[in-house]
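Read the structure below first, then the notes.
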Amino acid sequence: MSIRVRYAPSPTGLQHIGGLRTALFNYLLARSSGGTFVLRIEDTDRERFDERSLQDIYDTFQWFGIRWDEGPDVGGPFAPYIQSERVSMYREYARQLVESGYAYEAFDDAEALRESREDGKQGYEPIFRGMSEAEKQKYRDRGVPPVIRFRTPDEGATEFEDLVLGRVKRKNRDIVTDPVLLKSDGFPTYHLAVVVDDHHMEISHVLRGQEWVPTTGLHVLLYKAFGWQAPAFCHLPMVLGKDGQKLSKRHGATSVIEFRNSGYLPEAVMNYLSRLGWSYDDSREFFGQADLESLFDVEKLSKSPAVFDYRKLDWFNGSYIREKSEDELYDLVLPFLVRDGLVSDPPDDAQASTIRAAIPLIRERLRLLSDASGLLRFLLQDIREWTVDELVPKKTAVEDVPDYLARARELIQDADAVSDDVLEERFRAAAEALGIKLGNLLMPLRVAVTGSTASPPLFGAIRLLGVHRSLERVDACIALLRKEN
RNA sequence: GGCCCCUUCGUCUAUCGGCUAGGACAUGAGAUUCUCAUUCUCAAAAGAGGGGUUCGAUUCCCCUAGGGGCUACCA
């Protein structure tokens with residue numbers, strides 16, 4: 001039997017990086033096994049539904065580079081793939097469970113239930129479980145909308161085989177008492193919808209986060225009540241923040257769109273995510289999408305939770321950036337320069353050629369695509385002011401610096417016409433003549449030209465900016481320092 | 001509180017009874033270098049604790065501890 005898996009996000013907010021990993025592992029299992037990957041939208045919570053979410057799901061996966069074989073936008077043999085369009089089905093199955101005695105109507109006051117929970121009361125007292133029809137009719141007559149609750153067994157135990165965890169066993173009385181299957185608004189809860197849909201969509205493997213382990217017993221009970229065969233379960237280790245808590249906002253970026261906007265490459269994110277809870281061997285770190293699609297194996301999934309390490313992601317990102325060609329990097333970096341207001345949209349010819357020429361100089365200095373703005377700002381914007389502190393090298397008298405700059409000024413006059421090596425030799429000789437270190441001659445020039453003590457290679461930067469403009473900046477700095485003195 | 005799951009360097013992980021416990025990120029030191037970065041070399045860094053089982057346990061079992069998750073008419 002062929003493998004069918006699904007990623008089933010609920011459109012209640014932006015796609016989470018942890019959800020992206022769940023989706024990735026599902027996708028990889030499908031690809032590595034020649035199976036099918038399904039996208040299903042679980043929008044049964046009308047209160048938390050968020051308009052932008054659906055589009056965010058599409059945008060996220062388009063950027064990430066994985067696509068589904070069946071889903072709301074591409075269709076498929078089990079359409080519709082949006083749960084709100086399948087409600088009649090859930091109602092039908094809920095009714096069926098009531099008829100077969102596995103479920104019953106209840107007329108609880110949702111508000112009262114919520115309040116008692118807030119008072120610290122735990123569990124549900126199944127007062128409607130054995131109530132007579134006549135008694136229930138009174139509620140109906142009063143117009144109280146019913147919910148349908150599952151009748152959890154008091155005796156026995158339920159167990160399932162998990163591909164990661166092994167055998168998981170639970171006493172039935174420890175499973176939440178009589179959970180709601182169909183809400184009073186006529187929509188199903190997750191438990192009903194997921195079981196009905198996974199069965200009808202012929203899902204063979206359920207890969208989801210470990211937070212679902214406690215409720216899997218209920219799902220198994222539901223499969224039994226329907227007389228259906230349950231899929232294989234595979235609970236993925238959770239993704240945590242630095243402090244060991246579930247990854248959340250306060251740990252940093254969590255929505256996929258934030259990673260994208262921060263300048264992460266999808267292949268770096270994919271590579272990093274693939275290592276959270278999954279491993280291949282004892283040494284390999286780099287996995288491209290094609291590698292993962294063929295190498296992924298649930299056997300190598302781990303049980304323990306993984307802490308999300310932004311620094312390692314950064315390292316991956318820098319590595320992948322360095323592998324890009326100059327043309328690719330140009331296209332990748334441009335949107336960030338536009339966003340940061342450094343170039344027009346689209347850039348004019350001068351800007352475009354400047355940036356293209358600068359790419360080789362900044363490539364190995366980028367950890368994030370967005371770092372390009374800081375690195376190229378001196379080329380694309382005027383420098384309004386310099387800090388004297390930066391212009392003056394350590395252990396150097398302020399009054400000496402204008403002389404150094406004046407000397408440097410002479411040496412770069414024909415920078416366009418000579419090589420780096422020649423320029424460097426000149427500066428070495430000049431530094432020696434002045435009796436100072438090469439760095440102390442170059443640093444004021446660097447700060448004058450680039451506005452920063454950290455920059456791309458100086459001579460290259462000068463040519464990119466243009467000798468003329470470079471000289472202007474040097475002159476401005478000389479004037480500034482003289483005034484300061 | 002109850003239930004469930006988890007436990008190897010700070011972090012991600014390898015090890016499926018024989019280990020001088022391997023790799024990567026991060027960290028530290030050094031080399032290269034006009035700054036920054038890249039690159040390279042080296043270093044430090046782990047089997048939660050206690051019982052078993054076994055010739056032999058990081059690997060298997062139990063207990064304790066710690067961490068996490070769930071405990072909704074949310075998913």
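So that the names make sense, note that chain A is the first sequence line, chain B the second, and so on, each numbered from 1.
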Summarise how protein sits on nucleotides 34-44 of chain B as a single string, 5' to 3': B when a protein heavy atom is under 4.0 Å from the base, S for sugar-phosphate-only contact, - for no contact.
BBBBSS-----

How would nucleotides 68-75 of chain B be written as a contact map, 5' to 3', with B for base contact, S for sugar-phosphate-only contact and - for no contact, using protein heavy atoms under 4.0 Å?
SBS-SBBB

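Residue A:K300 is in sugar-phosphate contact alone, with no base atom involved, counting any heavy-atom pair closer than 4.0 Å across all strands shown.
If you find the closest nucleotide of RNA chain B to A:R275 and to A:R167, the one lying nearer the 5' end belongs to A:R167.
Atom C1' of B:A48 sits at a distance of 37 Å from the matching atom of B:C40, rounded to the whole Å.
With a 6.0 Å cutoff to the six-membered ring centre and a 45° limit on the axis angle, A:R407 does not count as a cation-pi contact of A:Y404.
When the side chain to side chain contact (heavy atoms under 4.5 Å, CB included) test is applied to A:L361, the partners found at least two apart in sequence or on another chain are A:P456, A:P457, A:L464.
Ring geometry for A:F296 versus A:F25: interplanar angle of 30 to 60°, hence tilted.
Atom pair A:L247:CG and B:C12:C1' shows a separation of 14 Å (rounding to whole Å applied). Atom pair A:I175:CD1 and B:G2:P shows a separation of 19 Å (rounding to whole Å applied).
The pair A:R363-A:E323 does not meet the salt-bridge criterion, since no charged nitrogen lies less than 4.0 angstrom from a carboxylate oxygen.
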A:E92 vs A:R95, salt bridge (charged side-chain N to carboxylate O under 4.0 Å, His left out): CA-CA, chis, key distance, verdict:
CA-CA 5 Å; A:E92 191 180 312; A:R95 199 171 304 126; over 6 Å; no

